[in-house]
Amino acid sequence: MNQNKRDIDPEETQEWLESINDTLEVYGPDRTQYLLERLVNFAQERGARLPFNINTPFINTIKPKDQPPFPGDRKIERRIKSLVRWNAMAMVVQANKKSPGIGGHISTYASAATLYEIGFNHFFKGPEHPSGPDMVFFQGHASPGIYARAFMEGRLTENQLHNFRRELSPGGGLSSYPHPKLMPSFWEFPTVSMGLGPLMAIYQARFLHYLIDRGMVEDNDRKVWAFLGDGEMDEPESKGALTLATREGLDNLIFVVNCNLQRLDGPVRGNAKIIQELEGAFRGAGWNVIKIIWGSDWDPLLSHEQKDLLLKRIEEVVDGDLLKYVVEGGGYIREHFFGKYPELLKIIENIDDKSLGKMRLGGHDPLKVYAAYSEAIQRKGVPTVILARTIKGYGLGEAGEGRNITHQQKKLNEEELLSFRDRFNVPLTDKQATQAPFFKPPEDSEEIQYLKNRRKNLGGFLPARNTETKKMEIPDISIFQEIMEGTGEREISTTMAFVRLLTILTKDKKVGKHIVPIIPDEARTFGMDPLFRQLGIYAHRGQLYDPVDSDQFLYYKEEKDGQIIEEGISEAGAISSFIAAGTSYSNHKMNMIPFFIYYSMFGFQRVWDFIWAAGDICARGFLIGGTAGRTTLNGEGLQHQDGHSHLAAAATPNIKAYDLAYAYEIATIIHHGIKEMVQNKENVIYYLTLENENYVHPPVPENVSVDIIKGLYKIHSSEKPILRLLGSGPLMGEALAAADLLKKDWGIEPGIWNVTSFSELRREAEEVERWNLIHPHKTPRVSHLESCLSKHSVPTVAVSDYVKMVSEQIGPYVPGPYYALGTDGFGRSDTRENLRHFFEVDRYYIVLTAIRALVTEGNLDIKVAEEVIKKYNINPEKPSPITL
Ligand SMILES: Cc1ncc(C[n+]2csc(CCOP(=O)(O)OP(=O)(O)O)c2C)c(N)n1
Ligand SMILES: [Mg+2]
């Protein structure tokens with residue numbers, strides 16, 4: 001509402017308002033909305049350009065008269081909540097007393113307690129609920145409160161609480177934040193990297209629809225709840241898929257944004273109103289927005305005859321003012337908020353300063369929160385966001401309530417502990433309270449009985465992560481026979497080989513339906529478009545139009561039970577779908593095998609934080625980096641050519657990364673990966689880079705599959721071993737060509753090996769070395785690298801289409817001198833041949849490096865190196881690709 005527009009004809013205004021009022025009373029809100037929209041459209045059609053007003057007044061969305069009755073026992077619920085508050089605070093205070101600096105957060109949960117408690121007591125469905133459990137994303141920094149509740153429920157011991165943030169302590173501890181990896185039967189959704197939670201929650205809700213629409217799970221009205229910080233909403237990921245949520249009709253999704261108006265350093269929006277800004281964004285995206293700003297204490301004021309003036313005053317103030325009111329208290333509020341208009345002072349004349357300072361806000365009022373949740377779970381067709389106004393550090397008083405330092409508050413002095421105890425009536429003596437002990441009422445107390453009973457009715461405790469999955473058979477590797485046999489004369493790329501493999505896999509009776517191909521608008525680049533028709537593109541609404549290519553066999557086929565998730569240009573969205581599908585074994589007790597196929601450069605580099613979270617959440621699946629290799633993807637230039645994703649992959653503990661040269665390697669690795677994920681229930685993610693260079697793929701040699709999986713297998717042995725070449729992925733061809741040149745031009749026959757994974761080789765060698773280090777009296781173990789290469793301590797030249805550090809990973813474990821060639825530096829566009837020369841990874845540089853290595857060993861004269869340079873026209877003045 002534009003407050004600055006003057007009312008030039010109040011009488012006419014009144015008539016309009018009255019007629020709207022009549023409609024509201026007689027026909028209700030739907031008819032009222034219809035009429036208002038008609039009016040606006042009517043005016044717009046006649047040329048009036050009326051800007052869309054995205055905001056509603058800064059008051060609660062649900063009117064007191066529309067609030068449902070509260071079904072709980074408010075007194076007992078308050079006592080339970082107070083004890084959870086106390087224990088959450090005590091956990092952090094104790095942890096920091098024992099080890100100063102260990103961290104933890106008091107203020108986030110203090111602000112969110114009511115939001116969670118209403119959920120726990122009345123809404124969140126647990127694991128034994130007949131409909132299946134809700135999926136709840138808890139705000140990461142609120143973890144002490146969630147632990148404290150689990151303690152009250154008898155699910156965590158006092159000792160575990162003592163070891164909050166001390167996971168290496170005897171008996172184990174509690175992880176700082178929600179980490180399924182670290183507490184696999186407790187936490188389900190990692191949320192603490194801000195922004196990932198909201199996006200992942202949207203895609204979990206969408207994946208639930210996907211499974212329902214494909215007939216793979218029943219529609220049991222399960223909900224996804226995401227509890228988020230208002231500061232967190234500034235992350236681009238947080239708001240990045242809001243329109244997807246409405247487009248997909250995700251009425252199974254509820255966001256609860258804890259609007260305490262503060263983030264870490266200070267106000268989220270000192271000069272404006274974050275709640276209004278978020279309302280605009282969500283409404284604009286089509287969400288159902290429920291604001292709970294003011295608590296019941298405010299209801300009488302907001303229906304007072306001066307309500308319009310009060311509303312005007314409410315609209316005037318900014319969040320910075322609202323925060324000041326929290327800190328300064330009743331007298332200040334009277335003077336500075338109400339005092340601006342003397343008429344407003346009248347409406348609070350019967351409220352003393354103390355009571356004024358304690359007037360409850362919406363997010364701390366169980367009735368308001370209950371009303372909002374009730375509406376949210378019933379709302380059909382659209383997702384709901386609840387914007388709940390709270391106070392950060394609620395109850396901490398002088399120790400931090402609403403203050404700028406509150407986020408970092410980890411210690412309370414004796415006086416502060418006593419006032420916290422008094423504020424929440426915790427039954428502890430002064431002496432006890434000053435020690436900040438944990439407190440749990442006896443098992444037969446009203447409180448414990450009540451909360452257990454509530455959870456029993458709702459299907460058990462949560463968070464609780466499921467680890468049981470329906471069994472699924474997997475096919476024998478023989479289904480990939482044609483791929484293993486090689487391509488004969490035909491030249492194809494590894495990408496084409498993969499697409500063939502995926503086609504075979506999706507047709508398989510055992511696992512076919514469980515394969516989830518996920519593509520961010522790149523299917524045609526990878527030659528995957530034939531799958532559109534064969535598998536269908538998932539679309540919740542089916543295909544409402546006749547596609548432009550409907551007359552063709554391979555048309556763009558969208559359908560309600562389509563299998564392909566075509567994500568559009570959102571790698572962050574696609575990886576979130578991957579995470580949802582890859583955790584289906586836990587969330588839906590059913591294995592789904594996601595293949596996220598993307599432009600390799602826009603994978604790790606762009607969404608590594610999500611990939612890290614995928615490790616935390618124990619997701620399983622395949623990441624397929626297509627058009628990879630800095631010189632193999634040749635025309636696209638600097639921003640496209642990936643030469644370093646394998647470095648990131650190597651540093652991500654649950655990722656098994658492979659850069660593959662031949663079709664049979666792809667079949668071997670993918671089959672093995674499926675076996676690990678489905679049969680062995682291992683939480684692994686495979687990362688495969690595939691390229692678009694065409695060449696002939698040989699048939700699989702005998703007995704190499706185990707070595708392919710380990711990362712290294714032999715292509716060719718030398719009669720007189722003095723040199724070894726290691727080729728990898730698309731540069732295997734250059735390694736083979738270099739071997740031919742070495743033999744033809746210099747009479748040297750190197751041994752040739754194919755590296756499928758530098759990082760797997762490195763990991764195993766490291767583990768073996770570690771074991772040998774701490775078991776000095778046992779027979780030393782031998783790594784795969786050592787068992788393959790230790791017979792001859794000759795120079796090794798390794799080449800890959802990635803930065804040198806990728807192949808250098810194994811350097812320390814390779815016997816003899818080790819030389820790595822790689823593609824360090826920014827990419828550029830040119831022919832493959834020119835690029836490989838530019839990056840000094842082509843056959844000629846391999847030969848030169850090999851010859852030079854033999855010179856250094858004393859096997860050849862330095863003159864030979866000079867001859868190599870001359871013979872192959874290597875320009876000594878050529879600039880380095882790293883500095884250029
Ligand atoms: C991606 C990311 N950046 C920064 C942080 C550090 N951080 C932790 S909490 C916090 C402030 C959170 O504010 P808000 O989202 O409003 O939550 P509140 O505690 O106020 O409920 C920040 C910056 C983080 N966890 N993740
Ligand atoms: Mg906040």
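Ligands are counted one by one from 1 in listed order, and the atoms in each one are counted from 1 as well.
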Test item: D230 side-chain N/O and L261 main-chain N/O as donor-acceptor pair under 3.5 Å:
yes
On the 0 to 90° scale, with breaks at 30° and 60°, tag the Y598-F596 ring pair as parallel, tilted or perpendicular.
tilted
Below 30° counts as parallel, above 60° as perpendicular, anything between as tilted: where do the rings of Y116 and Y109 land?
parallel
Side-chain heavy-atom pair P383, T246 within 4.5 angstrom cut-off
yes
Close approach, E235 and ligand 1, non-hydrogen under 4.0 angstrom:
yes
Say whether H105 and ligand 1 are in contact under the criterion: heavy-atom distance to a ligand atom below 4.0 Å.
no
Here the atoms of ligand 1 under 4.0 Å from any heavy atom belonging to V192 are 24 (C), 25 (N), 26 (N)
Would R465 and S586 count as a side-chain contact (heavy atoms from CB on, under 4.5 Å) if you check the C-alpha gap in whole Å, the side-chain angles of each, and the deciding distance to 0.1 Å?
CA-CA 7 Å; R465 186 172 167 276; S586 170; 3.7 Å; yes
Note: K125-D134 ion pair, threshold 4.0 Å (strictly below):
yes
I need the atoms of ligand 1 closer than 4.0 Å to a non-hydrogen atom of G231, numbered in the order shown.
14 (P), 15 (O), 16 (O)
N-O pairing of E77 and R74 below 4.0 Å
no
Are the side chain of N404 and the backbone of G266 linked by a donor-acceptor contact shorter than 3.5 Å?
no
Look only at interatomic distance and state if S111 has a nitrogen or oxygen under 3.5 Å from any nitrogen or oxygen of ligand 1.
no
Heavy-atom protein contact below 4.0 Å for atom 24 (C) of ligand 1
yes
Salt bridge or not between E117 and R454? Use side-chain N to carboxylate O under 4.0 Å.
no
Residue H141 vicinity, atoms of ligand 1 by number, heavy atom under 4.0 Å
8 (C), 9 (S), 25 (N)
Protein N/O/S atoms closer than 2.8 Å to the Mg ion (ligand 2) number 3
Closest non-hydrogen protein atom to atom 15 (O) of ligand 1, residue and atom name please, with distance?
E232 N, 2.8 Å
Regarding ligand 1, does S193 bring an N or O atom to under 3.5 Å of one of the ligand's N or O atoms?
no
Anything under 30° is parallel, anything over 60° is perpendicular, the rest tilted; go ahead and classify Y599 against F602.
tilted
Heavy-atom contacts with N260 under 4.0 Å: which atoms of ligand 1 show up? List them by number with element.
18 (P), 20 (O), 21 (O)
For a quick test of your reading: what N or O donor-acceptor pairs under 3.5 Å do the side chains of residues 282-295 make, sequence neighbours left out?
residue: R283; atom: NH1; partner: I54; partner atom: O; Å: 2.9
residue: W287; atom: NE1; partner: L242; partner atom: O; Å: 2.9
residue: N288; atom: OD1; partner: R379; partner atom: NH1; Å: 3.2
residue: N288; atom: ND2; partner: E375; partner atom: OE2; Å: 3.2
residue: N288; atom: ND2; partner: T384; partner atom: OG1; Å: 3.0
residue: K291; atom: NZ; partner: T56; partner atom: O; Å: 3.1
residue: K291; atom: NZ; partner: T56; partner atom: OG1; Å: 3.0
residue: K291; atom: NZ; partner: P57; partner atom: O; Å: 2.8
residue: K291; atom: NZ; partner: Q276; partner atom: OE1; Å: 2.7
residue: K291; atom: NZ; partner: E279; partner atom: OE1; Å: 3.0
residue: K291; atom: NZ; partner: E279; partner atom: OE2; Å: 3.2
residue: W294; atom: NE1; partner: F58; partner atom: O; Å: 2.9

Just let me know how Q139 lines up against ligand 1, side chain, backbone, both or neither, with a heavy-atom cut-off below 4.0 Å.
side chain
Show me which atoms of ligand 1 lie under 4.0 Å from any heavy atom of T108.
18 (P), 19 (O), 21 (O)
Short list, please: which atoms of ligand 1 are under 4.0 Å from a heavy atom of N258?
21 (O)
Would you say S577 and E567 are linked by a side-chain donor-acceptor pair, where the criterion is simply a distance under 3.5 Å?
yes
